[in-house]
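I have placed the structure first, in the form of structure tokens, so that the comments after it can refer back to it.
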Amino acid sequence: MIKNELALVLLDEATIWNKESKVLVNWSDINVPHNHESLPLKVEETATKIKREYLTWVYELSRLRIRGKTLVSHLKLSDSFSFWWMTLIAEKSPHKSPSIYQIFKLRTLEQLYRERGCQGLIYCGYDLNLHRTLKHWCKAMGHPYYRQSLRKCEVNFELTGLRKRSAKFPFLIQAVAYLLKKWFLRYKQLKPTKIPADPPSGDENQITIVTYFPNIDLAKTQNGRFWSRYWESLHELLDKMPIKVNWVWLHQDSTELDYKQTLQLQEICNQIRPNKYRHFLLENFLTTTGLLKSIQLYIKLYATSLLLKGARKAFCFPGSNLNFFPILEYDWRSSLFGHIALEGAITISMFSEMAKKLSGTQSIVYLLENQSWELALISSWKQHQINCKVIGFYHTPGARPLDLKLYFDPNIFNEDGANIMPLPDVLAINGSNNWKLIRESGYPAEKIFHVESLRSLNLLGKYESEKKDVKESNRTLLVVTGFIAPETEFQLNLLNKSNSMDGLAKYSRILIKAHPDLPVEKILEKIRPDFKYEITNLSLTKLWPQTDVVYCANSTTACVEAAWLGFPIVISSAVNTMNLNSLVGFPGFNFISSPEILAKELQNPIPIRIPEEYFCLNETLTRWKELFKGLSQS
């Protein structure tokens, strides 16, 4: 029997509560009544502490012993590499694993429950995994638990689109469906590719660069001049250096180019300067033998993972009774039994074959985000090309403090053998803030090398160039939206509501710059703003001179550039998801969650000071030259 006056009541999915309670907590909502607690807002207060706990938990889980062996050892593929590093649990990506944010909320809920001295929990919702987790937690504490809802419990995978629909099928079926999809959409279209022979001169310096595709200058690439937006002016530097370059493209589904068009561009690019540049798709290195071995590896992983059920008990933080395995169960099982496992096995095969075929490479460079494919790349090249130096380039201008995949428990750097997480020989990084955040997780300083930012060189010489006194009237507000629909709707709704509180009284012009992947017309039709606005397709570079204040969605990186240029900026809160904005933790800066606060911020906007060295800018790319020169001499 639950005494309402001693219970924590957790409201989910817009449910209400009209009875007594010790504390009322909203699981998802940000703007709540004054006598309620918003769990997403509470997470914002404690996220940094929970981040450290979560990183330590992931490390400790890898060391968990089952049947006398650690998880890392059970999944060992060679003396120096374990498949553990390719699981979603080890990767820790908030994008691929949205359930991580649920763990942060549960940890915050647990702390709130203890602080308020609650003696029972009432859950008003129908999320089956959350219900199971809360029920077992209360049972472990010896506290009463009750679920109140007119709806039957359903599994919420925290996924969207095709991933959500496919998640309902058995994991073996998911793996088979993944293979069939890849076969018809990619593998079947590939023509037999003969790898051009390496140059006869054994002393020619040769590098291999692995990059995402497309995100390219399409006009240049269609003329045979491959130009990636990820690397920008590095292309020009490579032109001038005595280096032969192998470009390896990781094709990502995009509205820009489909896979067939990518194959056509590859053929065009390989006809221009073939003695200087060669262009490959990663799938060019998938052989029939390699595919069969991948399937065998998947079957082996499947069988081995059946023995790891004992790991479930370890899905909790030290001193806690709250076991969150039901929340991460999909990530765990899909990584070991589903399409993630098969995808990882195929990726290992392709990189292994690539390391064998591109044998003349002295160094390999890749875009570093600490995704699972990167670890397969590093391991394969370390195994087949002992003298090849591996460089990971962290290309994002501003590291995100809560993007967990970038950070680790410091103990992970002291392991040996198959327990070692594959690391690049050099982590090429730009900017002072990136350095600070990466070093805080214990990343070895001797492996870090400062290089210039390649995607921000347009800012050279413009530090605080837009800094000016904010006008008392006739201001122009630039609204920069993001690529996430609920977030953009939340951002524009806040703006509309703040207008009724005189938030826009000092503004005569509202410009809305939409993200290219999410047009805003339909969202604006739904909201029906009571202020006048203009939707613009101009580039930010052309919009800056017209702008007085910038209002950004949480997910857009334009906020960092705007702040560095000297603009007063306002950023909306994340919407029931991890706050992956680069400015999390900056002194004196808060994210906006209510129209009242937004109205005040817009009336009296204050710039935040970002240090000039936040971006490392030098158009001659001196640091990149030093890096390549050092590699050619080693």
Side-chain angles (χ1 to χ4, degrees), residues 48 51 211-212 215 228-234 237 365-371 374 391-408 423-467 480 540-541 544 550 552 554-567 569 571 579-589 607-628 630:
T48 301
K51 168 187 169 182
T211 187
Y212 296 116
N215 194 16
S228 170
R229 296 300 185 192
Y230 290 106
W231 302 94
E232 292 291 358
S233 56
L234 187 71
L237 176 62
V365 187
Y366 69 94
L367 296 172
L368 185 143
E369 295 178 354
N370 284 328
Q371 296 196 56
E374 301 169 34
I391 308 165
F393 170 45
Y394 185 65
H395 60 100
T396 304
R400 302 176 178 93
L402 293 179
D403 190 356
L404 301 188
K405 68 178 184 290
L406 299 176
Y407 310 107
F408 312 95
L423 293 174
D425 298 299
V426 178
L427 169 56
I429 200 168
N430 66 88
S432 59
N433 198 58
N434 286 0
W435 167 276
K436 172 179 174 290
L437 290 170
I438 295 296
R439 284 291 294 133
E440 281 179 356
S441 70
Y443 203 97
E446 64 274 12
K447 287 181 173 287
I448 304 176
F449 189 89
H450 278 289
V451 293
E452 293 87 357
S453 171
L454 298 176
R455 299 168 64 182
S456 305
L457 287 178
N458 62 304
L459 298 177
L460 186 64
K462 298 179 181 179
Y463 181 61
E464 294 191 340
S465 60
E466 300 292 342
K467 188 175 183 179
V480 184
L540 288 175
T541 302
W544 294 142
V550 181
C552 289
N554 188 270
S555 62
T556 179
T557 57
C559 59
V560 178
E561 181 177 333
W564 192 85
L565 289 170
F567 285 107
I569 62 168
I571 306 176
N579 189 340
L580 298 181
N581 193 279
S582 298
L583 297 179
V584 167
F586 254 75
F589 185 79
I608 65 168
R609 183 172 178 79
I610 290 184
E612 186 173 4
E613 62 271 17
Y614 190 95
F615 296 105
C616 181
L617 304 174
N618 184 338
E619 62 184 356
T620 62
L621 302 185
T622 303
R623 300 295 293 167
W624 278 102
K625 291 178 183 177
E626 290 181 18
L627 176 60
F628 287 137

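No experiment lies behind these values; they were computed from the predicted model shown.
The OH atom of Y443 lies 12.5 Å from the OH atom of Y394; values are rounded to the nearest 0.5 Å. Here S582 contributes atom OG and L402 contributes atom CG; the two are 10.5 Å apart, rounded to the nearest 0.5 Å. With values rounded to the nearest 0.5 angstrom, C559 atom SG is found 7.5 Å from I610 atom CD1. Taking CG from N618 and CD from E452, the interatomic distance works out to 5.0 Å, rounded to the nearest 0.5 Å. One finds the OG1 atom of T211 at 10.0 Å from the CG atom of L234 (value rounded to the nearest 0.5 Å). One finds the CG atom of L617 at 10.5 Å from the CG atom of L454 (value rounded to the nearest 0.5 Å).
Contact check for K51 versus L404: side-chain heavy atoms found under the 4.5 Å cut-off. Side-chain contact check for T557 versus R400: some heavy-atom pair is nearer than 4.5 Å. When side chains are defined from C-beta on, V480 counts as touching L540, because their heavy atoms get closer than 4.5 Å. Put simply, the side chain of P424 does not reach to within 4.5 Å of the side chain of I391, judged on heavy atoms.
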* Verdict with reasoning, Y614 to L459, per side chain to side chain contact (heavy atoms under 4.5 Å, CB included) -> CA-CA 11 Å; Y614 190 95; L459 298 177; over 6 Å; no
* Check against side chain to side chain contact (heavy atoms under 4.5 Å, CB included), I569 and L583 -> CA-CA 11 Å; I569 62 168; L583 297 179; 3.6 Å; yes
* To do: Please step through side chain to side chain contact (heavy atoms under 4.5 Å, CB included) for the pair E612 and E464, ending with a clear verdict.
  => CA-CA 9 Å; E612 186 173 4; E464 294 191 340; over 6 Å; no
* side chain to side chain contact (heavy atoms under 4.5 Å, CB included) evaluation trace for V560 with F586 -> CA-CA 11 Å; V560 178; F586 254 75; over 6 Å; no
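A side-chain contact (heavy atoms from CB on, under 4.5 Å) with C616 holds for exactly one of N430, L457, V451; it is N430.
Looking at every heavy atom in both residues, P611 comes nearest to S432 through CG-OG, 4.4 Å. Across Y407 and A399, no two heavy atoms sit closer than the pair OH-CB, 3.9 Å. In terms of heavy atoms, A562 sits closest to W544 at CB-CH2, 3.7 Å. Closest non-hydrogen pair, N581 versus N554, comes out as ND2-O, 2.8 Å. Nearest approach of Y212 to Q371, heavy atoms of both residues: OH-NE2, 2.9 Å. A pairwise comparison of heavy atoms in L368 and E374 identifies CA-OE1, 3.5 Å as the closest pair.
In this structure a side-chain-to-backbone donor-acceptor pair under 3.5 Å is present from N370 to K405. A distance-only check finds no donor-acceptor pair linking the side chain of E561 to the backbone of A558 [under 3.5 Å]. Judged by distance alone, the side chain of K625 and the main-chain N or O of L237 form no donor-acceptor pair under 3.5 Å.
Around NZ of K447, the count of heavy atoms belonging to other residues, nucleotides or ligands within 6.0 Å exceeds 12. More than 12 heavy atoms of other residues, nucleotides or ligands sit less than 6.0 Å from atom CD of E613.
The aromatic rings of F393 and W624 sit perpendicular to each other, their planes meeting at more than 60°, with 30° as the lower class boundary.
The aromatic ring centroids of W564 and F615 lie less than 6.0 Å from each other.
In this structure, the side-chain contact (heavy atoms from CB on, under 4.5 Å) partners of R455, at least two apart in sequence or on a different chain, are Y230, H395.
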